[in-house]
**Student:** 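Below is one structure. I have some questions about it.
The basis for the numbers below is simple: all heavy atoms, side chains too, and nothing from hydrogens, waters or symmetry mates. Here is how names work: the chains are called A, B, and so on, in the same order as the sequence lines, proteins then strands, and each is numbered from 1.
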Amino acid sequence: MKMRKLQLLLVVVVLLTLSAGLVRAQDDPEPIKAEPGADLDMVLLPKTLGNAVFDEAHEGAMEADEELENEGDLIFNAPTPDNAIPGQIEIIEASITQEVDAIMISANDYEQLLPSTQKAMDDDITVVTWDSPVAPEGEDLFIAQVDFTEVGSVMANMALDILGEEGGQFAILSATPDASNQNAWIEAMKALLEEDDTYANLELVDVVYGNDDPDDSYNEALGLVDSYPDLELIMAPTTVGIAAAAKAMQDEELCGEIAVSGLGLPSEMQEFVENGCSQEFALWSFKDLGYLTYYVSYLLATDAMDAEEGVTFEAGRMGTYTIEADPNREGGLRVLMGPFSLYNADNLEEWAAGGDEGATVEATEEAN
Amino acid sequence: MQRSKLWARLKSWEALLFIILCVVIFVNLRLSSHYLDLNNLANIFHLSIEKSLMVLIMAFVIINGEIDLSVASIMALGATVLAERYEAGWSIAAGLALALLVGLGCGLLNGLFVAYMGIPSLIVTLAGQIGYRGAARIILEDRSVGDFPKWFTSLGQDGFIGPFPITSFLFLALFILGLVVLQYSVFGRYVYAIGNNRAAAEYAGINAKQVKVTLFMLSGLIAALAGACYAARLGNVRANAAEGFELDVITIVLLGGVSIFGGTGTMLGVGLSLLVVLNLRNGMSLSNVDGNTQTSVVGSLLILSVLIPNWMQRLQRLLSHLFAKNPKLFNRGGAAEPKSPVSVHQ
């Protein structure tokens, strides 16, 4: 009898342990991993041809393609800039005809591609957007490069880094006055400066607009120098603006006095970092974006993963990600890539030498 | 005599286009196993339906000795008016009617300046290209307008017979109409006569001004109609729609054997040229040829279409020159006299 009770107890304990294990497994599931060696034809379709950042994304996708030993083709194609939207539609339609398995799009329009991408989805083709999404009903999910609010904090941190604890005056040189990306980032930065005492000594004196035109941006930068004698930093959240501002400071031999920072392309900023006109700037890595996009598309196209909120997966060297609801698009799903890459004299040399992964420093800890 | 020579000339240009078309189709068949998919065949026309429509009327305009650079802007304006009015609560039909009227109005304006004020159409329609596009931008600014009713978008997207949308049949009907009007009607003969020699045509009692205004109005009307097709196909309209379409349209017309100086060309040639360009583009898309290369291939084709006849003419002259100097050279194989001059495009 006693034996019986003991046995029963044992069984109960074992069952409890098992079920506890099961419950834990449900709470914290193993991230889904990709099974290499599938045979998938995949199309990487950026906005336009002839843009350096999209070539970098292509590199990243090729890296993932090799890693996953995909036996199918990775097709890289894009329209010419003068034919952007109709050209993307033509490529999507041709991809449907070719019966490819996945299309990865950086969309030129939020809505006009919908009839085509929906047709692709009806034909069981995985549609993943990256860099620039379409409306949620026309895609499986969106790979977002960074969160808009994060851009604000990265810029504030770079300003703090450059100006130091004692702070100083700085100005923003943006793109066009109605550029929605830039405006959102600047607002996020302003909000942070107001809320957080860490940034109390950073004084934003002006926001000017160079219209993403090198000449305009150059002149606006010089205008800032004239208007604010105590100015110590120009922060440009646009790759055109930051390069033009650095050039202006270089030409006026102001590089020791006024720093230039913001969002820049390593290839364009290298010379200015070397001659000290720009200490530090940031950008997300388009190569990583291409790599992650390929991984997600591969997982979805092989049916290893469903595009559902809360699904966790592993994307090769980039680690684990979770599919989440997109706060900017109702009903949309996203995978948030992050983090930013910070570039300075230390790692830029490495970047220029190799240009491959590992050279760009994952800098979230530094930035936060 | 003159007439039959002209006829032979045009006929053989079309023969050349036909051969090119066969080559393109043959290569496409070799390169892609999906080329003959019914869906793909529908796509060939479907994805370029707006350009195809505008090609038809552009052929008339150029044969008439004019050009219309404003078609793409009128198309965008038509689409914009339709979308904006629909957004404002009008029915699609009412919006479409207004869009077509606006297209007619733009064409009328072009026509009046060209025909009655004697300003070259290149300048008038270049101004129109800028002005009408500007109007479209004023109406929609940077917004995009969509959410059209399902029946409207399905006209532009879904198959009507098989996978072919109804717009494809609209094109076919207009092509046949254009062919009949241009080649077999009095109006068509007026178009040629004015394009050949306006002064002579006017002496013969043709009202050239009226014909020109009519053509520009029709051009505006078809462009606005193309705009409606665009709205239905994409389900959404922006003011920057169709930017640069006019050059593709003109390219196809010239490749079809229509002289840029007016007076020559046939609807059959233009139709063949359209088939050549669309199939060529489709084949390149299916082979994942990038956009830059596609553009340069079509561009080269246009240049060759001017050069080849030129070369043939020179070769012909050279041969007949040699022949005149040394007849025995060519008589060995029992060859008869050289045939009538090899056909020439321009």
**Student:** When you compare the side chains of B:N279 and B:Y35, does any donor N or O come within less than 3.5 Å of an acceptor on the partner?
**Tutor:**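 There is such a pair (donor and acceptor under 3.5 Å, judged by atom type) between the side chains of B:N279 and B:Y35.
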
**Student:** Is A:L49 in contact with chain B via its backbone, its side chain, both, or neither, using a 4.5 Å heavy-atom distance?
**Tutor:**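 Answer is side chain: those atoms of A:L49 sit under 4.5 Å from chain B.
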
**Student:** Which bit of B:N292 is near chain A, if near means a heavy-atom gap under 4.5 Å: side chain, backbone, both or neither?
**Tutor:**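 Both backbone and side chain of B:N292 come within 4.5 Å of chain A.
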
**Student:** Check this for me, if you would: do B:R281 and A:E93 make a salt bridge, where the nitrogen-to-carboxylate-oxygen distance has to be below 4.0 angstrom?
**Tutor:**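 Answer for the salt bridge query: no.
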
**Student:** Consider only side-chain N and O atoms of A:E63 and A:Y294, and report whether a donor and an acceptor are under 3.5 Å apart.
**Tutor:**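 The criterion, which ignores hydrogens and geometry beyond distance, is not satisfied for A:Y294 and A:E63.
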
**Student:** Is chain A contacted by the side chain of B:Q157, its backbone, both, or neither, given a heavy-atom distance below 4.5 Å?
**Tutor:**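 For B:Q157, side-chain heavy atoms alone lie under 4.5 Å from chain A.
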
**Student:** For B:F160, is the CZ atom crowded, meaning more than 12 foreign heavy atoms sit under 6.0 Å from it?
**Tutor:**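 Open: at most 12 neighbouring heavy atoms sit under 6.0 Å from CZ of B:F160.
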
**Student:** Please look at B:D290 and chain A and tell me whether the side chain, the backbone, both or neither of the residue comes under 4.5 angstrom of a heavy atom of that chain.
**Tutor:**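 B:D290 touches chain A through backbone and side-chain heavy atoms alike.
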
**Student:** What part of A:I75 gets closer than 4.5 Å to chain B, counting heavy atoms only: side chain, backbone, both or neither?
**Tutor:**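 Just its side chain gets close to chain B.
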
**Student:** Please classify the contact between B:F245 and chain A as side chain, backbone, both or neither, with a heavy-atom cut-off of under 4.5 Å.
**Tutor:**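 Side chain only.
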
**Student:** May I ask you to check whether A:Y209 and A:Q182 show a side-chain donor-acceptor distance below 3.5 Å?
**Tutor:**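 No.
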
**Student:** With a 4.5 angstrom heavy-atom cut-off, could you sort out which part of A:D109 is near chain B: side chain, backbone, both or neither?
**Tutor:**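 Contact with chain B involves the side chain of A:D109 alone.
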
**Student:** What residues of residues 128-141 of chain A sit under 4.5 Å from chain B when only non-hydrogen atoms are counted?
**Tutor:**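 Residues qualifying by a heavy atom under 4.5 Å from chain B are absent, so none.
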
